[in-house]
Amino acid sequence: MGRYLKTLRRFWGTALASQTEYQANLLFDLLAMGGNLAGSLFMIGLFFQGGRGLGGWTWPEALVVLGIYTLLDGVSSTLLRPNLSRIVTQVQEGTLDFVLLKPIDSQFWLSTRTFALGGLPEIGAGLLLMAWAARAAGARPSLAVVAAAVVLLGTSLTILYSLWFVLATTSIWFVKTWNATEVLRATLTAGRYPVTAYPQTLRVLFTVVIPVAFLTTVPAEAVLGRPSWPWLLGGAGMAVLFFALSRAFWQLALRFHTSASS
Amino acid sequence: MAIVRADNLSKAFRVADKQPGLGGTLRHFVQRRWRTVDAVREVSFAIEPGERVGFLGPNGAGKTTTLKMLSGLIHPSGGRAEVAGFEPRRRQRRFLEAITLVMGQKQQLLWDLPPLDSLLLNAAVYGLDDGEARRRIAELAEMLELGPELTRPVRKLSLGERMKAELMAALLHRPQVLFLDEPTLGLDINAQVRVREFLEAYNRRHGATLLLTSHYMADITALCPRVLLIHQGRLFHDGSLEELASRLAPCREVRLELRDPVPAETLAAFGEVQQLQGRQVRLLIPRGQLTGQVARLLAELAVEDLEVRDPPIEDLIGQVFREGEVRAGAMT
């Protein structure tokens, strides 16, 4: 375990150093983050001006969902996208070989190798929005509520990560042809709104087929102090299942790995 | 006991077969045709600890594929490999700690950061504590004559300096088995010599086993007492370079400068006359008779100058590969 923690420290230390090497780039990243944040706030503004109900959720409650979505999007920008989108390049260029030669879990390496500073403020904004909206909605945070919220946020992150990792892994087979992770990202924007805001068929799709509901709506229920055991257990089960699937899929993919020629 | 062993190791790749042009593209899209390429065919050899072995063969012979199977990057289609007591394809932690693979065409150093950052990262990955890591870095840096380069961004280093730093990154964990795929590729003569000397010193100091491929024959002749020659996926020679040379060229060339011209019939008694131009003669003499015939030449003819030459090994190998399997088949 010590080896992994130390490695992670070096991973992020070098990532930080690489990013500060290009000062101008970092500035642009921060500007882009500012733009993203302004975009999200504009979305929130639209909610307030709408004056309509949204799938039985009040405005502050819907904002909790948006807060969680912003948090997930921040984590995607900080960790998932910088790491997982590199898998395709590494397969193409054959540098995946260096990862596979290291005495450390290759999935851990590929998933945590770097991080993008630019995504951090979005995580902060998501957390703030979520906390503020929950208060505005009248949620009373007890220990049980906070624990359930943390568990469900963890499950939602695990599910998102696992889905993304599996899609990125397919690049072992479809090296240049398909960058499916962008499709996933586009689909996940559906998580901005409570799942009950969608028509019945989409609702089923987003719960059973693509677990968008587990990503934002279910954790939002917990944050608002109305967690239910079935959802909590369902979410946790789903997370364990998806994570196990991502590991099994990676091992399968490695058996097909032919390693780019010299 | 052998530290690297290959038993009938084989690898077949399925590759798509596509004709050029629009028609070919459409056919390729609708009905894809595949063919199987046997990159490595039933190759067997065993390497003892501490040996330095050169892996020879033209492009596409199967050298890199074999190295990748031995380092666990690709799974063999047939046969078995064993390295440091492990089955490479299982990629167990202790196996990965015992080997390294240096690829001259790829780099693991972080481009924007000084090599030292990559080295410390590798130290963490291999579970070395900071003190030990710094001791090893200092030792390797001294052997490779690297100093201030270690704190300069990799992108600012020359190719030779970068390769040296790559070697440091690949050897920090003191592997017992080194697989080196074209470690001197693109380097100038000086840098090639440095890398070569370093590998020999490393081998001596740590008793590490080396298996290396190179397009520069000088790397092989300087470093490897033993060579494996592979062509079209098959192993054709396993032995010393001298044995290979005598197998490929059973004769040596003797160049003479005589005081007076001598008729060809007289010279034919010593060997096969290749060229006779006035006082200049080129003879081919079988290796086994060389010393006897040279002594006779010196005793019976008025020789002003005499030179015995081996045809250059790369010419010989090149000739074998050009002549294809017929000649190569005769070698086994």
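First the proteins, then the strands, lettered A, B, ... as listed; each starts at 1.
By number of non-hydrogen pairs under 4.5 angstrom with chain A, the leading residue of I99(B), T65(B), V125(B) is V125(B). Most heavy-atom pairs under 4.5 Å with chain B, from the set L8(A), D105(A), L101(A), V99(A): that is L101(A). Contact count against chain A (heavy-atom pairs under 4.5 Å) is highest for Q107(B) among Q92(B), R94(B), Q107(B). Heavy-atom pairs under 4.5 Å with chain A peak, among N122(B), L113(B), T100(B), at L113(B).
You'll find the side chain of D97(A) stays beyond 4.5 Å of the side chain of Q108(B), heavy atoms only.
Taking each heavy atom of A124(B) and R3(A) in turn, the nearest pair found is O-CG, 3.3 Å. Summarising the geometry of K102(A) relative to Y126(B), their closest heavy-atom pair is CD-OH, 3.8 Å, with the distance given to 0.1 Å.
A distance of 5.5 Å separates CZ of R91(B) from CG of L254(A), quoted to the nearest 0.5 Å. The CG atom of L120(B) lies 9.0 Å from the NZ atom of K6(A); values are rounded to the nearest 0.5 Å. Summarising the geometry, atom NZ belonging to K106(B) is positioned 10.0 Å from atom CD belonging to E93(A); distances are rounded to the nearest 0.5 Å.
Looking at L101(B), the atoms closer than 4.5 Å to chain A (heavy atoms on both sides) sit in the backbone and in the side chain alike. Only the side chain of R155(B) comes within less than 4.5 Å of a heavy atom of chain A; its backbone N, CA, C and O stay farther away.
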